[in-house]
Amino acid sequence: MKLIYLSLGSNIGDREANLRAALERLPRPGLGLLRVSPIYETEPLDYTDQRWFLNLVAEAETSLLPMQLLAHTAKIERELGRVRTVAKGPRTIDIDILLYGNAVVRTVRLEVPHPRMAERRFVLAPLSDLAPDLRHPVSRSTVREMLEAAPPEKLRLLHS
């Protein structure tokens, strides 16, 4: 079993309900949910003309291979109405694989560790709530160190 971390975000409809629905669908044979971070409300990046996001990080254990995990998370996104129309645009649910044990995966469809996680407070703040001393498998920086070095970003703790 590999210890994994997933980032979940939503900014369409009932954002909290979307996050809950995604978390309910995550567990399956070979994938068990362990812990969930507090929820943060965060300002959108890149494409800013949209509603603020609710974000959290989930810690899980899996025996699924990285591409199987990606297929499972993509299926959950589709089930919850995710439609990709605008890059970085509004979404009912977004599930990103942040870390998959200490593995480094580089394919056309998947990069793990997530290539932009060290720049994103909306990922690092909830991840730090779960695993502040966890080390990035490439940079070897801890989550806490990455959070301290991350660019400024507007976010607030919504629920702990």
Side-chain angles (χ1 to χ4, degrees), residues 1-42 53-85 87-144 146-147 155 157-160:
M1 296 292 271
K2 295 283 187 188
L3 187 63
I4 62 167
Y5 292 90
L6 305 171
S7 173
L8 287 75
S10 174
N11 76 336
I12 293 178
D14 186 336
R15 300 169 299 168
E16 282 191 67
N18 293 338
L19 292 173
R20 279 193 306 274
L23 289 170
E24 288 169 4
R25 286 170 169 79
L26 274 174
R28 58 164 278 187
L31 177 62
L33 194 58
L34 299 176
R35 298 187 297 160
V36 176
S37 76
I39 297 173
Y40 287 80
E41 187 170 39
T42 62
F53 283 84
L54 293 189
N55 293 96
L56 61 78
V57 168
E59 178 185 75
E61 282 185 323
T62 190
S63 59
L64 299 176
L65 296 173
M67 295 308 288
Q68 293 172 316
L69 179 59
L70 180 64
H72 179 54
T73 59
K75 180 177 182 238
I76 293 168
E77 289 178 343
R78 284 190 307 276
E79 287 173 352
L80 294 177
R82 169 92 189 252
V83 178
R84 297 174 189 265
T85 52
K88 314 279 187 196
R91 58 206 85 161
T92 53
I93 195 71
D94 183 42
I95 307 171
D96 288 332
I97 302 169
L98 300 176
L99 297 162
Y100 182 93
N102 285 318
V104 176
V105 179
R106 301 258 187 271
T107 72
V108 173
R109 293 188 52 229
L110 179 64
E111 281 190 64
V112 177
H114 192 283
R116 291 171 301 286
M117 71 180 275
E119 306 156 15
R120 296 179 165 177
R121 287 186 178 275
F122 71 85
V123 167
L124 294 170
L127 181 57
S128 182
D129 289 327
L130 297 178
D133 298 318
L134 182 69
R135 291 199 178 273
H136 189 284
V138 177
S139 73
R140 303 305 300 154
S141 298
T142 65
V143 172
R144 181 182 292 115
M146 289 186 287
L147 179 58
L155 69 143
L157 184 62
L158 193 65
H159 296 296
S160 55

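Predicted model only: the values in this text are computed from it and were never measured.
- Between the side chain of H72 and the backbone N or O of L26, at least one donor-acceptor pair lies under 3.5 Å.
- Between the side chain of S37 and the backbone N or O of L56, no donor-acceptor pair lies under 3.5 Å.
- The distance from atom CD of E24 to atom CG of L19, rounded to the nearest 0.5 Å, is 11.0 Å.
- For the atom pair CD1 of I97 and OH of Y5, the computed distance is 15.0 Å after rounding to the nearest 0.5 Å.
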Notebook entry, point to check: Is there a salt bridge (charged side-chain N to carboxylate O under 4.0 Å, His left out) between E79 and R25 once you walk through the steps?
Noted result: CA-CA 10 Å; E79 287 173 352; R25 286 170 169 79; 3.2 Å; yes
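- Shown here for R121 and P126, the closest heavy-atom pair between the two residues is O-CD, 3.9 Å.
- If you check the side chains of D129 and Y40, you find a donor sitting under 3.5 Å from an acceptor.
- Here the closest heavy-atom approach between residue P113 and residue A103 is recorded as CD-O, 3.9 Å.
- For the pair I93 and I95, the minimum side-chain heavy-atom distance is below 4.5 Å.
- Two residues are said to be in side-chain contact when any heavy atoms from C-beta on lie closer than 4.5 Å; E16 and I39 meet this criterion.
- With hydrogens and angles disregarded, a donor-acceptor distance shorter than 3.5 Å links the side chain of T73 to the backbone of L70.
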Margin query: Using side-chain contact (heavy atoms from CB on, under 4.5 Å), reason through E77 and D94 one step at a time and then give a plain yes or no.
Written below: CA-CA 6 Å; E77 289 178 343; D94 183 42; 3.5 Å; yes
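- To the nearest 0.5 Å, atoms CZ (F53) and CD1 (I12) are separated by 8.0 Å.
- Separation of atoms CG (L80) and CZ (R78) is listed at 11.0 Å; rounding is to 0.5 Å.
- A donor-acceptor pair is defined here as one N or O able to donate and one able to accept, closer than 3.5 Å; such a pair exists between the side chain of R135 and the backbone of R140.
- Using a 4.5 Å cut-off on side-chain heavy atoms (C-beta onward), V123 and L98 make contact.
- Looking at heavy atoms from C-beta onward, R28 lies in side-chain contact with L64 at the 4.5 angstrom threshold.
- Here CG of L130 is found 9.0 Å from OG of S128. Values are rounded to the nearest 0.5 Å.
- The closest side-chain donor-acceptor pair between D133 and T142, if any, does not fall under 3.5 angstrom.
- Between L134 atom CG and M146 atom CE the span is 7.0 Å, to the nearest 0.5 Å.
- Scanning both residues, T42 and L155, for their nearest heavy atoms gives CG2-CB, 3.4 Å.
- The shortest side-chain heavy-atom distance between V36 and V57 does not fall under the 4.5 Å cut-off.
- Side-chain contact between L110 and P66 is present, with at least one heavy-atom pair separated by less than 4.5 Å.
- Across all non-hydrogen atoms, the minimal contact from A58 to L8 is CB-CD1, 4.3 Å.
- The two atoms that bring L65 and Y100 nearest to each other are CA-OH, 3.7 Å, heavy atoms only.
- Remark: R15 engages E41 in a salt bridge, criterion side-chain N to carboxylate O under 4.0 Å.
- Environment of CZ in R109: sparse, with no more than 12 heavy atoms of neighbouring residues, nucleotides or ligands closer than 6.0 Å.
- Checking S7 against D96 by side-chain atom types alone, no donor-acceptor pair falls below 3.5 Å.
- The shortest non-hydrogen separation linking G81 to T92 is C-OG1, 3.4 Å.
- For R91 (side chain) and N11 (main-chain N/O), no donor-acceptor pair under 3.5 Å exists by modelled atom type.
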